[in-house]
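Worksheet for the structure shown next.
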Amino acid sequence: MLLYSVLLLCVVLIPTLGIKRVNSVEKYFNVCRRDNPKIEDCVRNSIETLRPRLVGGINEIGIPPLEPLQIPEIKLEEDTGAIALYSSYTNISIHGLSKCEIREIKIDLENNYMQLKVHFPSLELNANYKISGKIMMMPLQGEGLCNGNFTDVDVTSFIKTGTDMRNGKEHLTVEDIGVNFEIGSTSVNLDNLFNGDQDLGSAVNKFLNENWQSIMTEIKPTLEDKMAHIIKLIAAKLFETFSYAELLPP
Ligand SMILES: *[C@@H]1O[C@H](CO)[C@@H](O)[C@H](O)[C@H]1NC(C)=O
Ligand SMILES: *[C@@H]1O[C@H](CO)[C@@H](O)[C@H](O)[C@H]1NC(C)=O
């Protein structure tokens with residue numbers, strides 16, 4: 001779930017990659033010109049300038065508040081053999097996304113490709129959860145509050161763009177998007193497992209915390225897909241709001 005938040009952060013940042021300086025766009029971003037030989041540095045500066053505004057979000061261009069990031073609902077269904085799990089999370093809030101460090105930006109306009117690596121020192125997630133199934137033979141069932149802390153989260157995302165014409169103007173489109181993340185350490189707690197059975201509940205929480213790496217390996221592809229989807233929605237909204245020439249003036 002944390003991954004989602006991370007992704008969201010990235011999502012928020014990625015659209016800013018398309019930043020430029022034209023009329024209304026300038027209201028939001030420091031614009032970078034396409035022919036800027038140091039476009040990566042320029043974009044990095046734009047993001048840093050934008051950072052304080054990301055905390056509260058920029059509603060009119062589809063960038064959600066980042067601190068905390070709130071996600072109404074995420075459902076995860078896994079059936080990989082080792083894990084057969086149905087879980088849903090509602091009222092999700094993630095703290096720490098705005099404290100990200102940009103580790104690398106790659107922009108290859110000729111090939112319509114951008115890549116962003118971001119590091120989050122620490123993320124905290126809170127949500128209502130509902131879970132049932134099995135993880136590595138361990139039965140899991142419950143409904144309540146969950147809390148998790150994730151440190152040293154590294155997220156790499158790329159976006160490949162295309163263009164189409166809208167109202168006579170060229171707009172970017174999202175052709176492909178991908179997300180990969182790594183987590184340094186994890187600590188989670190699910191409240192009220194097994195209808196509040198204390199012994200079972202703490203045994204399962206202990207199990208989850210001792211085995212989070214193998215569990216994460218199993219659910220990672222699904223989480224990365226969900227994160228990519230969220231980023232895609234945000235990027236698409238940004239590309240719809242501003243034309244290519246507004247975002248990246250020639
Ligand atoms: C959602 O979370 C917020 C803050 O974490 C809390 O104040 C609110 O009561 C929660 N809403 C529901 C429906 O659980
Ligand atoms: C996560 O961090 C918060 C704040 O430091 C702490 O209150 C909470 O107990 C931690 N949760 C877990 C599951 O470690």
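Here the structure is a predicted model, which means the values were calculated and not measured. In listed order, ligands and their atoms are each counted from 1.
Screening D154, V118, V155 for a side-chain contact (heavy atoms from CB on, under 4.5 Å) with R103, the sole residue that qualifies is D154.
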Does ligand 2 have any N/O atom under 3.5 Å from a protein N/O, and what are those pairs and their distances?
| residue | atom | partner | partner atom | Å |
| --- | --- | --- | --- | --- |
| ligand 2 | 2 (O) | N149 | OD1 | 3.0 |
| ligand 2 | 2 (O) | N149 | ND2 | 2.5 |
| ligand 2 | 11 (N) | N147 | OD1 | 2.5 |
| ligand 2 | 11 (N) | N149 | ND2 | 2.8 |
| ligand 2 | 14 (O) | N149 | ND2 | 3.2 |
| ligand 2 | 14 (O) | S187 | OG | 2.7 |

Next item on the list: Check the pair R166, D164 against salt bridge (Lys or Arg N to Asp or Glu O under 4.0 Å), reporting the backbone distance first and the verdict last.
Entry: CA-CA 7 Å; R166 270 173 250 171; D164 68 2; 3.2 Å; yes

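R53 forms no cation-pi arrangement with F29, by the criterion of a distance under 6.0 Å to the ring centre and an angle within 45° of the ring axis.
Ring planes of Y113 and F158: parallel class, angle under 30° (limits at 30 and 60°).
Here E240 does not pair with K237 in a salt bridge; the nearest charged N to carboxylate O distance is not below 4.0 Å.
Between the side chains of Q141 and S132, no donor N or O sits under 3.5 Å from an acceptor N or O.
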